[in-house]
Amino acid sequence: MNALKLLYQGKAKSAYLTEDHDLLVLKFRDDTSAFDGEIIEQLSEKGAINNQLNAFIMNKLSENGVPTHYVERLSATDALVKRLDMIPVECVVRNRAAGSIVRRLGIEEGMAFNQPLFELFLKNDTLHDPMVTEHHVEAFGWATHHEMSRMYELTLQTNTILKAIFDQAGLQLVDFKLEFGRFHGEIVLGDEFSPDGCRLWDKVTGESKDKDRFRQNLGGVLEAYREVAGRLGIVLEN
Ligand code: ADP
Ligand code: UDP
């Protein structure tokens, strides 16, 4: 399957049309953004690392019953996916407090929640991805009640599956973001799962092994991503 025409250029990935109307090529670029695209830097090989990490996670989710857009990895940086009609909200689950919720609610970083906390954000960089509720999603017609329920269910299911996988790798899954879309009427997980869109803390030291290293200028970003891959048993191609 060939990448024919650029359909969409995001902050970290580009989507290309293919000969098949139902399929896209997603190219994972080295661009690394923070603060809704205010800062963008190139981290050499990040695209290829995330492409491999994402392939591993998407396959695990699919094996465990989560419908995903993922078809196959095409090259170091490219993946073949089903073309979805994307729903413009980010579904976030938090197991512990970090990032925006700490600032918003003035709570201590690392605080564990009694149960996984589900939050929704509108995908809009200009507005800095404002938080919305299920009611906004339905009232604005971004998704139906049934679709919203399915996204909620699949996000929590993903949390259960991935918490266990990362736990075995000595990592705590603190929070993450998912995006869903429609494929022939069905709600399907799209976009990516990589350290760009989640928080992973070393279970022993508490050290961040995700994009917070970039956001907070801690250094060792790619080393951390490679370590995550290694701990999951992924042998990275060079
Ligand atoms: P952003 O849009 O946040 O800058 P990316 O750089 O990751 O993010 O761009 C990828 C874009 O492709 C996103 O807008 C995402 O919603 C979209 N996308 C991801 N998976 C699919 C898919 N299977 N079908 C259609 N669009 C997709
Ligand atoms: N996240 C993301 N894309 C976004 C916003 C958040 O992938 O546009 C991820 C982020 O990496 C984290 C989780 O969603 O794992 C929760 O992010 P938060 O609301 O704390 O925002 P942040 O402070 O990270 O901007």
Side-chain angles (χ1 to χ4, degrees), residues 3 6-16 24-61 69-70 72-81 90 92 98-100 102-103 109 121 123-126 128-129 162 165-166 169-179 189-203 205-238:
L6 182 66
L7 173 70
Y8 180 83
Q9 170 113 353
K11 295 188 292 296
K13 298 190 294 303
S14 307
Y16 294 86
L24 291 179
V25 169
L26 272 191
K27 184 178 281 294
F28 288 72
R29 305 195 316 270
D30 290 341
D31 301 72
T32 314
S33 71
F35 314 116
D36 302 315
E38 268 171 38
I39 298 178
I40 298 187
E41 274 178 35
Q42 295 282 308
L43 291 180
S44 165
E45 289 178 37
K46 190 206 65 160
I49 296 172
N50 276 356
N51 190 27
Q52 288 174 81
L53 273 163
N54 178 58
F56 176 90
I57 298 287
M58 287 283 169
N59 286 328
K60 287 281 178 205
L61 291 175
H69 68 160
Y70 205 74
E72 61 180 344
R73 203 159 66 89
L74 293 176
S75 71
T77 56
D78 295 1
L80 188 64
V81 299
E90 302 185 333
V92 167
S100 70
V102 169
R103 300 189 289 274
E109 180 170 70
F121 298 89
K123 252 183 94 76
N124 185 321
D125 285 335
T126 320
H128 300 290
D129 293 352
L162 296 187
I165 289 175
F166 285 116
L171 295 163
Q172 253 189 71
L173 179 59
V174 172
D175 60 28
F176 63 85
K177 180 270 294 181
L178 299 180
E179 291 180 32
L189 175 63
D191 206 47
E192 71 176 284
F193 190 103
S194 76
D196 271 4
C198 70
R199 289 193 169 89
L200 294 166
W201 292 353
D202 183 285
K203 266 166 64 179
T205 64
E207 223 188 344
S208 290
K209 304 288 178 188
D210 54 62
K211 199 160 90 172
D212 270 351
R213 302 201 70 83
F214 177 74
R215 295 188 188 97
Q216 298 169 15
N217 215 2
L218 299 174
V221 184
L222 287 180
E223 288 78 359
Y225 285 31
R226 284 180 188 282
E227 188 183 329
V228 170
R231 289 204 201 183
L232 292 170
I234 303 169
V235 181
L236 290 174
E237 291 164 12
N238 280 313

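All values below come from the heavy atoms of this structure, side chains included, with hydrogens, waters and symmetry mates left out. What you see is a predicted model; the values in this text were computed from it and never measured.
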* To do: Please determine which of Leu178, Asn54, Leu53, Leu26 meets the side chain to side chain contact (heavy atoms under 4.5 Å, CB included) test together with Glu192.
  => Asn54

* Are Phe166 and Val228 close enough that some pair of their side-chain heavy atoms sits under 4.5 Å apart? -> yes

* Would a 4.5 Å heavy-atom cut-off, applied to side chains only, mark Val25 and Leu80 as touching? -> yes

* **For Arg213 against Ser208, the heavy-atom pair lying closest together** => NH1-O, 2.9 Å

* Which value, rounded to the nearest 0.5 Å, describes the distance between Asn59 atom CG and Glu72 atom CD? -> 10.5 Å

* Test side chain to side chain contact (heavy atoms under 4.5 Å, CB included) applied to Thr32 and Val221, step by step -> CA-CA 10 Å; Thr32 314; Val221 184; 5.5 Å; no

* Taking only residues two or more places apart in sequence, or in another chain, which ones meet Ala55 in a side-chain contact (heavy atoms from CB on, under 4.5 Å)? -> Tyr70, Arg73

* Asked: Yes or no on side chain to side chain contact (heavy atoms under 4.5 Å, CB included) for Glu179 and His69, after CA distance, side-chain angles and deciding distance?
  -> CA-CA 11 Å; Glu179 291 180 32; His69 68 160; over 6 Å; no

* Structure fact -> For Ala48 and Thr77 the tightest heavy-atom approach is N-CG2, 4.1 Å

* To do: Sequence neighbours left out, what passes side chain to side chain donor-acceptor pair (under 3.5 Å) with Asp125? Give chain and number order.
  => Lys11

* With sequence neighbours excluded, what pairs up with Glu90 under the side chain to side chain donor-acceptor pair (under 3.5 Å) test? -> none

* **Qualifying residues under side chain to side chain donor-acceptor pair (under 3.5 Å), relative to Ser14, sequence neighbours excluded** => Gln9, Arg29

* Does the pair Asp78 and Lys27 meet the rule for a salt bridge (Lys or Arg N to Asp or Glu O under 4.0 Å), with working shown? -> CA-CA 4 Å; Asp78 295 1; Lys27 184 178 281 294; 3.0 Å; yes

* **Leu6, Leu7, Leu24 screened by side chain to side chain contact (heavy atoms under 4.5 Å, CB included) with Tyr16, the one that passes** => Leu6

* Residues forming a side chain to side chain donor-acceptor pair (under 3.5 Å) with Gln216, sequence neighbours excluded -> none

* Hey, could you give me the NZ/CZ distance between Lys46 and Phe28, rounded to the nearest 0.5 Å? => 9.5 Å

* Nearest heavy-atom pair of Gly47 and Asp30: which atoms, and what distance? -> N-OD1, 2.9 Å

* **Under the side-chain contact (heavy atoms from CB on, under 4.5 Å) test, residues paired with Thr205 that sit two or more places apart** => Asp202, Glu207

* Residue list, side-chain contact (heavy atoms from CB on, under 4.5 Å) with Lys60, at least two apart or on another chain -> Phe56, Glu63, Ile165

* Would you say Gln52's side chain and Glu237's backbone share a donor-acceptor pair under 3.5 angstrom? -> yes

* For Leu61, side-chain contact (heavy atoms from CB on, under 4.5 Å) partners two or more places apart -> Ile57, Val66, Thr68, Thr158, Ile161, Leu162, Leu189

* Nearest atoms (heavy-atom pairs only) where Ser194 meets Asn50 -> OG-ND2, 3.3 Å

* Structure fact -> Shortest non-hydrogen pair, Asn51 vs Ala76, comes out as ND2-O, 2.8 Å

* To do: Mind jotting down which residue pairs meet the side-chain hydrogen bond (donor to acceptor under 3.5 Å, both in side chains) criterion with at least one end in residues 218-230? Sequence neighbours excluded, please.
  => Glu45-Arg226, Asp196-Tyr225, Lys209-Glu227, Glu227-Arg231

* Does the side chain of Asp31 come within less than 4.5 Å of Gln42's, by heavy atoms? -> yes

* To do: Check Glu109 against Trp201 and note the closest heavy-atom contact, atom names and distance.
  => CG-CH2, 3.9 Å

* **Test: Arg199 and Asp210 ion pair at under 4.0 Å** => no

* Structure fact -> Contacts of Asp129 meeting salt bridge (Lys or Arg N to Asp or Glu O under 4.0 Å) (sequence neighbours excluded), chain-then-number -> none

